[in-house]
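Notes follow the structure.
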Amino acid sequence: MSERELPKAYEPAAHEDAVYAAWEKSGFFNPDKLPGDRKEPFCIVLPPPNVTGTLHMGHAAMLAIQDLMIRFERMRGKKALWVPGTDHAAIATQSKVEKLLMEQGMKDPRRVLGREKFLDEVKKFAQESHDTIVGQCRKMGSSLDWSREAYTLDEARNRAVNRAFTRMYDDGLIYRGWRVVNWDPVGRTTISDDEVEHKEGKAAFYTFTYAPEFPIAISTTRPETKVGDAAVAVHPSDARYRKYVGKTYELNFAGAKLKIQVVSDDSVDPGFGTGALGVTPAHSAVDADIAKRHGLPTMQVIGEDGRMLPVAGELVAGRTTLEARAIVVAWLRDRGLLQKEEEVAQNVSIAQRTGAVIEPLPKLQWFVDVNKPLRRGWKKTTLKKLMQDAVKSGAVKIMPERFAKTYFHWIDNLRDWNISRQIWFGHRVPVWYKGDQLSVGESPGEGWTQDEDTLDTWFSSGLWTFSTLGWPDDTADLRTYHPTSVLETGYDILFFWVARMVLMSTYLVNEVPFKEVYLHGLVRDEQGRKMSKSLGNVINPLDMIAKYGADATRLSLVIGATPGNDLKMSEEKIAGFRNFANKLWNISRFVLTTIGDRGPQATEASRPAGLRAYEPQTLADRWILSRYGEVSREVTRLLDQRGFSAAGELLRDFTWNEFADWYVEAAKIQRAEPGHAHTTDAILMEILRGLLALWHPFMPFVTETIWGMMNADSSPYQGEGKEGSAMLMVQPWPEGLRVHDGGSEKGFVAIQGVIESIRKTRSDFGVPAGQMIPVRLTASDVSALEDHKELIKRLAKADPIEIQVSSETGYGVHITPASFVDKEKERARLTKEIEQLKGYAASTEGKLGNDEFVRKAPEKVVAEMRAKLDEAKAKLVALEGQLTSLN
RNA sequence: GGGCGGCUAGCUCAGUUGGUUAGAGCGUCACAUUGACAUUGUGAAGGUCAGAGGUUCGACUCCUCUGCCGCCCACCA
């Protein structure tokens with residue numbers, strides 16, 4: 001191959017699209033079409049991105065990590081399936097479209113358009129968003145099986161949702177009931193507890209009595225709700241109020257007629273406020289519980305629009321809650337009923353999607369009962385227990401482990417899950433009404449009307465692992481790939497999604513949804529801030545791909561990232577990995593252009609994986625093959641344990657610091673020697689191929705591109721009608737090379753030591769220096785050095801070279817000629833080194849002199865320390881000799 | 001209020017059951033560099049591992065406490 005064909009620098013943009021197109025054309029993203037006889041399945045379902053817009057760096061990280069696993073397992077010979085899909089994201093999408101339409105001047109889109117037309121708008125937006133997302137996944141190089149693409153709101157998933165709902169309803173796990181729920185006045189829907197965020201704020205805390213004749217003072221931050229009070233609750237043991245318990249007071253409060261009963265209830269904290277709690281059954285979940293226990297009536301005084309209802313009394317009716325609050329407080333103040341007004345820190349409940357302040361309201365909603373006893377096999381259990389058992393039993397392994405605790409804690413506090421929403425975009429609740437009759441599932445026929453509500457988006461996402469594989473049908477995919485192997489997602493949706501998938505899967509298909517959960521962190525900017533449009537610190541993955549390539553972008557998201565920890569991202573970091581991709585390119589360029597002429601036999605002599613035995617001829621050969629074997633085994637082990645970052649770092653260090661910096665350099669010299677040329681070339685080719693394979697899951701594009709050039713004749717995307725099976729993506733994973741006796745390659749380490757010492761001397765003094773360079777050598781090392789004089793000369797640029805064994809120590813090499821420019825400098829350096837060495841020797845001798853240490857420490861540690869100490873002492877003697885000879 | 005995590009070089013972070021003189025990348029500085037690569041090479045400087053106790057022959061690692069920083073959960077009205 002001529003050099004002209006290969007540009008000096010790797011240009012990602014010139015190759016990536018063609019490579020992806022070739023992968024897709026091959027069909028290998030689909031495990032059914034993979035070559036070879038594959039038995040073991042490996043499956044990941046892509047956490048479906050919301051169709052609310054475009055992908056950000058967090059998505060890119062997710063794609064990079066999952067593609068890494070999928071490609072690794074595919075090369076290892078598994079039936080690797082990665083299922084793509086998108087999420088309709090109900091509220092998020094609907095409110096986004098609503099906002100867009102309002103920005104375009106439409107006042108109340110839902111009212112103006114009506115259900116059908118409004119949904120058309122949402123669907124149009126969702127479709128565009130979907131197309132963008134799919135395009136971005138391709139740009140990232142994701143080897144997703146597009147033939148199995150799913151959407152949480154498509155026909156097949158709707159069947160799954162309806163089936164799930166029906167079964168849970170039939171089993172009594174889904175019920176309809178009046179409850180005080182979280183009402184989002186902006187989104188005009190209820191939301192689940194998990195969709196409520198708490199923001200710290202300050203609030204005025206008022207202490208007052210309802211009326212002059214009422215004997216007990218209460219405290220609240222929301223006086224306007226008190227027009228709906230039914231009772232005052234006190235603790236049973238509270239002596240202050242005992243005499244009032246059981247009495248009922250009829251009174252006028254801020255224009256409302258109230259009938260207040262004094263009740264005693266354990267849930268009241270006598271130490272808080274006045275120790276008496278005004279019970280507002282309609283607008284507080286806690287109060288609703290108390291009211292239920294005492295049979296108190298519920299009166300809703302706030303409407304869905306966040307305004308006071310007529311029953312609240314004419315004083316406040318029609319007003320917003322804030323206006324009403326001011327009116328009530330003024331009313332109290334005028335009458336001298338207000339005893340205290342103080343400022344307290346208080347958490348405000350905010351709707352996650354719309355940012356609206358939550359208004360607790362009583363509503364008729366659908367719920368999943370998580371505490372209802374159910375029978376599963378022989379034993380009684382509950383949905384909560386199913387969720388706990390899945391993780392406790394080890395059937396689902398959470399990484400990092402600490403999140404298991406968070407998971408259990410969430411379940412402990414879990415209450416019934418409100419699954420109905422009053423929005424339009426989503427799966428319609430599959431319940432039909434006709435008069436008093438109710439039917440669940442398919443439409444029973446004429447005259448029935450369907451429930452207006454839609455389901456929480458997480459209800460459909462909860463089915464994702466099996467609904468994508470064909471459930472409720474008993475499909476081959478479901479049997480083969482479920483439970484899925486790994487769920488890789490962000491820790492921020494552990495509750496929303498991960499827990500719900502466990503719930504749905506263990507209940508509906510009696511299997512865990514996945515065996516392993518790998519939680520990645522959030523991608524932040526270089527200062528650790530969340531990326532947000534308002535901060536202007538958003539790094540768009542597509543921009544980075546355009547500028548530095550998909551491979552560099554992927555590496556920057558994988559290396560340096562540990563599970564569960566946030567990752568700081570910066571453009572410099574991506575640029576650094578672009579440099580590495582280029583390094584790999586240039587290593588290949590060297591190998592291909594210099595030995596390309598002898599290409600055929602070199603290629604034939606080696607295979608990409610399952611490396612055959614070699615007859616290494618030099619120390620460098622033995623050393624690099626041995627290191628390559630170690631590294632490839634270690635990388636495999638690390639990837640197996642999901643240590644992506646460590647695996648990547650190890651590979652990078654080996655590729656750059658060992659293969660490129662040492663072996664390639666040595667190879668330049670070796671291959672000039674007739675006897676060594678062929679082996680050297682073969683080894684270069686062999687290891688390069690192995691490295692491309694090992695790197696492929698990390699950097700699929702550049703590795704596939706180089707691979708195609710190495711096999712230009714059969715290049716899958718450069719020629720017509722070529723076989724896809726020649727592609728790197730389906731080559732077997734290099735399992736590591738087994739190398740000869742082991743140990744003899746250490747001679748090369750000695751040579752490296754000598755060369756480094758010479759370089760250092762040159763660096764310190766600017767000229768080749770003559771000095772005894774202390775290197776620990778065995779007799780065979782010395783002969784190795786004799787044999788490799790040429791290599792040392794060339795690599796160290798030291799000439800001439802003469803190797804001597806020091807008579808005093810038995811260690812060392814002598815490089816001539818001797819002439820130092822700066823004796824002072826040398827003296828200082830030697831002195832410093834000697835001092836360090838002495839310090840070390842003293843502390844080590846101290847330890848070795850400690851009987852207890854020697855007795856208790858592992859033998860290996862002691863032996864290593866002894867050896868190291870001996871070496872240090874010898875070096876010390878050598879250095880001291882140098883110092884005296886200097887004077 | 002409950003829980004979790006972090007604190008290691010100027011910056012970003014590794015450090016796998018406790019075991020030699022604690023590592024990498026980036027940045028800084030010095031030097032080098034006409035053939036794979038300036039998207040380069042060689043080297044240097046830089047850390048009492050947040051602090052204090054404890055366990056141990058030995059602690060970045062285990063235990064206790066303290067201090068900052070961050071996150072999650074929570075129906076104290």
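Note that the structure is predicted; figures quoted are calculated from it, not measured. So that the names make sense, note that chain A is the first sequence line, chain B the second, and so on, each numbered from 1.
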Can you list the steps and then say if A/Glu571 with A/Tyr548 is a side-chain hydrogen bond (donor to acceptor under 3.5 Å, both in side chains)? CA-CA 9 Å; A/Glu571 208 172 320; A/Tyr548 303 104; 2.8 Å; yes

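- In terms of position along RNA chain B, the nucleotide closest to A/Val861 lies nearer the 5' end than the nucleotide closest to the other residue of the pair A/Val861 and A/Trp656.
- Side-chain atoms of A/Asn586 lie closest to B/rA36 of the nucleotides B/rC73, B/rA36, B/rU16.
- Checking B/rA77, B/rC75, B/rU40 against every side-chain atom of A/Lys583, the shortest atom distance belongs to B/rU40.
- In terms of phosphate contacts, A/Asn565 brings a side-chain nitrogen or oxygen within less than 4.0 Å of OP1 or OP2 of B/rA14.
- Ranking B/rU56, B/rC75, B/rC73 by closeness to the A/Phe495 side chain, first place goes to B/rC73.
- Using a 4.0 Å cut-off between charged nitrogen and carboxylate oxygen, A/Arg866 and A/Glu859 do not count as a salt-bridge pair.
- Between A/Phe698 and A/Trp695, the ring centre distance stays below 6.0 Å.
- If A/Gly278 and A/Gly576 are placed on RNA chain B by their nearest nucleotide, the residue sitting closer to the 5' end is A/Gly576.
- Of the candidate nucleotides B/rA36, B/rU39, B/rA74, B/rA36 has the atom nearest to the side chain of A/Ala660.
- Side-chain nitrogen and oxygen atoms of A/Thr562 include at least one within less than 4.0 Å of the OP1 or OP2 phosphate oxygen of B/rA14.
- Remark: B/rC57 base-pairs with B/rG19; criterion is Watson-Crick or G-U wobble with both hydrogen-bond distances under 3.5 Å.
- Pair check for B/rC73 finds B/rG1; Watson-Crick or G-U wobble, both atom distances under 3.5 Å.
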The test is ring pair (Phe, Tyr, Trp, His ring centres under 6.0 Å); show your working for A/Trp417 and A/Phe367 and say whether it passes. CA-CA 5 Å; A/Trp417 170 19; A/Phe367 292 89; over 10 Å; no

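- Of the candidate nucleotides B/rU12, B/rC37, B/rC4, B/rC37 has the atom nearest to the side chain of A/Glu665.
- The base of B/rA36 lies outside donor-acceptor range of the side chain of A/Lys8, with no N or O pair under 3.5 Å.
- With B/rG25, B/rU21, B/rG41 as the choices, the nucleotide that has an atom nearest any side-chain atom of A/Lys847 turns out to be B/rU21.
- Contact annotation: A/Asn347 does not reach the phosphate of B/rA74 (side-chain N/O to OP1 or OP2, under 4.0 Å).
- Considering only the side chain of A/Thr220, B/rA77 comes nearest among B/rA77, B/rU20, B/rA36.
- Comparing B/rU20, B/rA77, B/rC4 by their closest approach to the side chain of A/Lys405 singles out B/rC4.
- Of all nucleotides present, none satisfies the Watson-Crick or G-U wobble test against B/rA36 with each distance under 3.5 Å.
- Nucleic acid contact class of A/Asp269 (heavy atoms, under 4.0 Å, all strands): base.
- For A/Glu852, the listed nucleotide lying nearest its side chain is B/rC57; candidates were B/rA36, B/rC57, B/rC75.
- B/rA9 and B/rA14: their C1' atoms are spaced 13 Å apart (whole Å).
- Look at A/Arg855 and you won't find any side-chain N or O under 4.0 angstrom from OP1 or OP2 of B/rC57.
- Salt-bridge formation is detected for the pair A/Asp229/A/Lys226: a Lys NZ or Arg NE/NH1/NH2 atom is positioned less than 4.0 Å from an Asp or Glu carboxylate oxygen.
- Pairing for B/rU64 goes to B/rA52, judged as Watson-Crick or G-U wobble with the two contacts each under 3.5 Å.
- Relative ring orientation between A/His15 and A/Trp585 is described as tilted, the plane-to-plane angle lying within the 30° to 60° band.
- Nearest nucleotide to the A/Arg652 side chain, out of B/rG25, B/rA36, B/rC72: B/rG25.
- Nucleotide B/rG43 forms a pair with B/rC29, judged by Watson-Crick or G-U wobble geometry with both contacts under 3.5 Å.
- Taking atom P on both B/rC31 and B/rC71, the two are 46 Å apart, rounded to the nearest angstrom.
- When the side-chain nitrogen and oxygen atoms of A/Lys856 are compared with OP1 and OP2 of B/rU56, none of them lie within a distance under 4.0 Å.
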